[in-house]
Amino acid sequence: MANTNTKFLVVDDFSTMRRIVRNLLKELGYTNVDEAEDGVAALSKLKGGGFEFVVSDWNMPNMDGLTLLQNIRADAELSKLPVLMVTAEAKKENIIAAAQAGANGYVVKPFTAATLDEKLSKIFEKLEKAGA
Amino acid sequence: MTSEATPQQASNAESPLGLSSSDEILNRVGHVTRTLHDSLSGLGLDKILEQVAQDIPDARDRLAYVARMTEQAAERVLNATDVAIPLQEELAAGATALQQRWQDVMREPSLKSEYNLAANDTLAYLTMAGKNTAETKALLMDIMMAQDFQDLTGQVIKKITGLAQELEQQLVQLLIDFSPAIPKKDAEAAKADAGDNASLMNGPQIDPGAVDVVASQEQVDDLLDSLGF
């Protein structure tokens with residue numbers, strides 16, 4: 001089980017969705033959550049340091065989620081950061097593009113609390129295995 | 001390339017008039033265009049275009065209204081569930097604590113039967129309170145999750161608003177180009193800046209049956225599995 005103190009960054013341009021994800025994370029025991037409204041704001045927060053997990057939307061103004069992911073993977077400090085895409089984009093090419101860019105998981109909206117829980121657990125499991 | 005290679009060679013079937021079929025197509029398209037031009041002029045094409053160009057901002061305002069109202073509604077629900085969930089948690093915690101205390105008290109035998117009866121009823125009530133608060137909290141979480149419609153419908157509305165804007169700009173451009181009376185505006189704005197990743201931003205899929213679209217989380221997982229993730 002992952003540390004419940006894991007610091008999350010939830011990135012979505014819709015405040016409704018940010019609140020929903022934040023509440024779901026809280027329900028799963030993760031209370032250390034910050035929010036960003038687009039890729040640009042997210043990247044600047046991430047560069048400030050301290051974050052251990054990113055949950056990001058795709059379609060956002062200023063900088064979209066895929067570009068954010070590419071920026072994270074290209075940054076020496078951030079490249080190892082786990083990124084879970086939570087997006088309404090549901091084309092096969094989207095999923096392939098996200099996977100190729102190095103996403104750790106892909107959840108398509110609308111999703112359930114159980115799906116988010118399952119994907120988070122799976123990512124933490126893989127990370128633990130890789131770290132062990 | 002041979003010296004004889006002309007467009008006619010690709011479709012050199014002769015029509016009864018002795019024209020090649022591509023010539024005939026051109027003739028027909030020309031004819032259709034002339035007819036269209038004549039009828040549109042008769043109807044007052046510029047007036048129609050002007051009307052459409054004026055109607056689009058109105059449609060856009062209406063969509064913006066829908067987006068605003070659904071966002072407000074979703075916010076209200078989320079505010080309410082944010083307040084209600086801790087209240088339920090407080091009730092649940094209180095019930096559990098009291099239950100524990102009564103169980104401890106009941107371990108000491110008492111001769112007063114009425115006292116025992118009241119204690120048993122209290123315990124039964126506390127059990128129910130614990131169960132009901134848990135169920136209510138699950139329902140509140142469900143109500144909260146249901147607000148994701150605001151994000152999804154909002155994205156669709158944004159997309160349509162964008163399309164309408166593009167259409168409007170093109171119509172305005174058409175009017176600028178062909179009716180000099182209309183003041184020049186938005187000519188530069190007509191150029192939409194499409195980024196590299198633009199084709200990957202389609203918003204929610206409103207038709208899960210469409211080609212190249214995944215219809216469920218399972219299909220996402222299967223696709224990722226097949227890619228080795």
Side-chain angles (χ1 to χ4, degrees), chain A residues 12-24 26-28 39 57-70 84-119 122-123 126, chain B residues 67 70-75 77-79 81-82 85-86 89 137-138 140-156 158-159 195-208 210-229:
Chain A
D12 200 307
D13 54 332
F14 278 81
S15 69
T16 312
M17 190 48 76
R18 290 201 302 271
R19 285 179 73 174
I20 290 176
V21 174
R22 180 197 274 270
N23 281 346
L24 283 176
K26 191 176 156 202
E27 194 59 20
L28 294 172
D57 184 26
W58 188 312
N59 197 342
M60 295 178 288
N62 303 322
M63 186 195 285
D64 63 76
L66 181 67
T67 312
L68 171 65
L69 173 61
Q70 288 162 342
L84 175 64
M85 300 296 290
V86 177
T87 168
E89 300 301 333
K91 284 194 157 189
K92 284 179 183 163
E93 55 192 287
N94 285 99
I95 297 155
I96 294 166
Q100 284 171 346
N104 298 72
Y106 198 103
V107 172
V108 65
K109 292 177 189 172
F111 62 99
T112 64
T115 304
L116 185 69
D117 188 15
E118 184 205 322
K119 300 304 163 204
K122 205 172 149 188
I123 293 172
K126 278 194 178 176
Chain B
T70 55
E71 185 178 356
Q72 277 174 14
E75 287 288 325
V77 173
L78 289 175
N79 287 342
T81 52
D82 276 358
I85 289 171
E89 283 170 348
K137 203 186 141 190
L140 286 168
M141 290 300 287
D142 207 31
I143 290 169
M144 178 201 80
M145 283 302 289
Q147 304 314 307
D148 69 352
F149 83 89
Q150 195 271 322
D151 174 9
L152 299 171
T153 56
Q155 285 192 51
V156 173
K158 263 192 187 173
K159 189 98 188 154
D196 280 349
N197 292 329
S199 69
L200 288 172
M201 290 194 280
N202 302 290
Q205 293 298 328
I206 50 176
D207 175 16
V211 217
D212 268 347
V213 164
V214 288
S216 66
Q217 182 65 40
E218 286 87 77
Q219 289 185 17
V220 176
D221 296 346
D222 288 348
L223 182 58
L224 285 174
D225 277 348
S226 74
L227 291 168
F229 279 83

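Note that the structure is a prediction, hence the values are computed from the model and not measured. Below, chains carry the letters A, B, ... as their sequence lines are ordered, and counting in each starts from 1. Computed over heavy atoms, backbone and side chain alike; hydrogens, waters and symmetry mates excluded.
Under the side chain to side chain donor-acceptor pair (under 3.5 Å) criterion, the residue pairs touching residues 90-104 of chain A are A:Arg73-A:Asn104, with sequence neighbours excluded.
Looking at B:Leu78, both its backbone and its side chain come within 4.5 Å of chain A, counting heavy atoms on both sides. Only the side chain of A:Thr115 comes within contact range of chain B, judged by heavy atoms closer than 4.5 Å. With a threshold of 4.5 angstrom between heavy atoms, B:Thr81 does not approach chain A through any atom at all. Contact annotation for A:Ala98: neither backbone nor side-chain heavy atoms come within less than 4.5 Å of a heavy atom of chain B. Heavy-atom distances place no part of B:Asp142 under 4.5 Å from chain A, backbone and side chain included. Neither the backbone nor the side chain of A:Thr87 comes within contact range of chain B; no heavy atom of the residue lies under 4.5 Å from a heavy atom of that chain. Contact annotation for B:Asp222: neither backbone nor side-chain heavy atoms come within less than 4.5 Å of a heavy atom of chain A.
Closest heavy-atom contact between A:Ala97 and B:Leu200: CB-CD1, 4.0 Å. The two atoms that bring A:Met60 and B:Met201 nearest to each other are N-SD, 4.3 Å, heavy atoms only. Contact detail for B:Met145 and A:Ala113: the closest heavy-atom pair is CE-N, 4.0 Å.
Rounded to the nearest 0.5 angstrom, A:Ser15 OG and B:Glu75 CD are separated by 4.0 Å. Going from atom CG of B:Asp82 over to atom CZ of A:Arg19 covers 4.5 Å, rounded to the nearest 0.5 Å. To the nearest 0.5 Å, atom CG of residue B:Leu227 and atom CD1 of residue A:Ile95 are 9.0 Å apart. Summarising the geometry, atom CG belonging to B:Leu152 is positioned 8.5 Å from atom CZ belonging to A:Phe14; distances are rounded to the nearest 0.5 Å. Note: A:Glu89 CD to B:Gln155 CD = 6.5 Å, rounded to the nearest 0.5 Å. The NZ atom of A:Lys26 lies 7.5 Å from the CD1 atom of B:Ile85; values are rounded to the nearest 0.5 Å.
Ion pairing between A:Lys109 and B:Asp148 fails under the 4.0 Å rule for side-chain N and carboxylate O. Between A:Lys122 and B:Asp221, none of the side-chain N atoms (NZ, or NE/NH1/NH2) sits under 4.0 Å from a carboxylate O, so this pair counts as no salt bridge.
At distances below 3.5 Å, at least one donor-acceptor pair connects side-chain atoms of B:Gln217 with backbone N or O atoms of A:Tyr106.
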>> Under the criterion side-chain contact (heavy atoms from CB on, under 4.5 Å), I'd like the reasoning laid out for A:Ile20 against B:Gln150: C-alpha separation, chi angles, the key distance, then a yes or no.
In response: CA-CA 11 Å; A:Ile20 290 176; B:Gln150 195 271 322; over 6 Å; no
